[in-house]
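In what follows, a single structure is set out as structure tokens and then discussed.
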2 protein chains.
Amino acid sequence: MLRLSRLTDYAVVVLARMGEAGAPTQSAPGLATRTGLPEPTVAKVLKILAQAGIVAGQRGARGGYRLARPLAAISLADVIVAFEGPIALTACVDGHTGVCESESLCPVRGRWDPVNRAIRTALSAISVAELAGRPPAPPARPAEDAHPLSLAAE
Amino acid sequence: MLRLSRLTDYAVVVLARMGEAGAPTQSAPGLATRTGLPEPTVAKVLKILAQAGIVAGQRGARGGYRLARPLAAISLADVIVAFEGPIALTACVDGHTGVCESESLCPVRGRWDPVNRAIRTALSAISVAELAGRPPAPPARPAEDAHPLSLAAE
DNA sequence: CGGAAATAGGACCAAGCGCGTCCGATTTGA
DNA sequence: TCAAATCGGACGCGCTTGGTCCTATTTCCG
């Protein structure tokens with residue numbers, strides 16, 4: 001199913017809501033009620049997004065979170081990397097030399113790299129704004145209909 | 001990490017080994033020793049591949065498995081679908097209407113479709129033969145670097 | 001100046017499921 | 001008739017994910 005974690009899914013929803021709000025700064029409880037998601041989960045999502053530099057947190061009373069950059073400048077790959085680490089399909093790629101009991105026997109050593117790069121490229125080409133379908137008020141909105149991602153010919 | 005299951009990874013390795021063998025039919029225990037993978041696991045992988053129609057099983061003594069079609073005609077998407085179901089990044093897409101407690105609130109309803117299609121297309125364009133990196137005859141390691149798989153423009 | 005509100009950063013526990021294993025039934029060649 | 005192999009399912013351990021909560025820190029408002 002290639003599924004990404006549920007937190008990542010939530011993050012996209014939360015970011016989309018943040019983008020369409022009027023106020024620049026919004027609190028985690030407020031975002032929770034507006035998205036319909038449980039409040040502690042939304043808080044956790046926002047904390048991770050803040051660590052990744054995608055949102056910026058403002059502490060103290062009347063604090064909250066604001067987007068560090070417009071939704072159009074946040075790629076889907078950024079969000080996925082923040083929640084799931086580097087994008088790769090197999091576990092063989094992230095420094096686990098010696099895990100495979102038979103590296104010399106493995107016929108696909110290093111062959112996954114172009115595949116991973118392709119997936120990465122595809123995910124980097126999609127912005128959260130495109131996923132949300134409505135840019136808040138950018139000077140030049142990219143497109144209303146999703147363009148074919150510049151991947152392989154369909 | 002977007003990781004696919006370990007069984008899927010094994011399947012690619014097993015298929016690659018089957019493609020480079022001389023005999024058309026090979027037994028699960030034989031494939032296990034040749035890949036260095038545990039024998040029950042290889043048997044399970046082969047069973048799933050047989051259900052998906054990627055390999056064909058021959059029962060009885062001197063039986064085994066053979067490729068239903070050449071490796072070049074087996075796409076990576078075929079293998080992934082066999083082991084992990086339909087390729088989709090989120091759980092919202094496979095008929096779970098009503099799971100999300102707030103579909104009307106969700107700003108990304110249906111927006112994942114182009115993303116999923118792009119991933120699917122990319123994975124369909126890659127054959128197991130390309131992952132194995134060697135057409136028919138394996139005297140030694142033919143090439144060190146992989147060719148760019150005709151995927152995305154980098 | 002004090003209290004309230006909110007983020008920051010952990011730790012913690014429960015549930016789900018991936019994954020390896022094994023068993024019996026069936027088929028087929030020697 | 002026996003042996004070898006696939007086929008189909010069930011079972012249980014273990015890791016990862018997820019949701020929750022607690023405490024410290026910061027900052028605005030009365």
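Worth knowing before you read on, the calculation uses all heavy atoms, side chains too, and leaves out hydrogens, waters and symmetry mates. Note on naming: letters A, B, ... go to the chains in the order of the sequence lines (proteins, then strands), and numbering restarts at 1 for each one.
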>> B:R62: which residues meet the side-chain hydrogen bond (donor to acceptor under 3.5 Å, both in side chains) condition with it, sequence neighbours left out?
In response: none
>> Among residues at least two apart in sequence or on other chains, which ones pass salt bridge (Lys or Arg N to Asp or Glu O under 4.0 Å) with A:R69?
In response: A:D78
>> Tell me the interatomic distance from A:Q26, atom CD, to C:dA5, atom C1', rounded to whole angstroms.
In response: 17 Å
>> Given D:dG18, C:dG20, D:dA5, identify the nucleotide with an atom nearest to the side chain of B:S27.
In response: D:dA5
> So, the side chain of B:Q26 versus the backbone of B:G64: is there a donor-acceptor pair under 3.5 Å, distance only?
Replying inline: no
>> Output the rounded distance in Å from CG (A:L4) to P (D:dG18).
In response: 10 Å
> With respect to the side chain of B:K44, which nucleotide from C:dC19, D:dG18, D:dG8 is positioned closest?
Replying inline: C:dC19
> Side chain of A:E130, backbone of A:S127: donor and acceptor closer than 3.5 Å?
Replying inline: yes
> With a non-hydrogen cut-off below 4.0 angstrom, is A:A28 in contact with a base, only sugar-phosphate, or nothing?
Replying inline: sugar-phosphate
> Just how far, in rounded Å, is C1' of D:dA10 from NZ of B:K47?
Replying inline: 11 Å
> To the nearest angstrom, how far is B:L7 atom CG from C:dT21 atom C1'?
Replying inline: 12 Å
> Atom CG of B:L46 to atom P of C:dG20: distance rounded to whole Å?
Replying inline: 15 Å
> So which nucleotide from D:dT20, D:dG18, C:dT28 ends up closest to the side chain of B:A61?
Replying inline: C:dT28
>> Rounded to whole Å, how long is the line connecting atom CD of A:Q58 with atom P of C:dA8?
In response: 9 Å
>> Just the rounded figure in Å: distance from P of C:dA8 to CD of A:Q51.
In response: 9 Å
>> If you only use heavy atoms from C-beta on, which nucleotide in C:dT21, D:dG8, D:dT6 is closest to the side chain of B:Y65?
In response: D:dT6
> Given atom CZ of B:R59 and atom C1' of D:dA4, what is their separation to the nearest angstrom?
Replying inline: 12 Å
> Where the side chain of A:Y10 is concerned, which of C:dA8, D:dG19, D:dT6 is the nearest nucleotide?
Replying inline: D:dG19
> Where the side chain of A:R120 meets the backbone of A:I87, is there a donor-acceptor pair that is under 3.5 Å apart?
Replying inline: yes
>> At less than 4.0 Å, is any side-chain N or O atom of A:R62 found next to OP1 or OP2 of D:dC29? Yes or no.
In response: yes
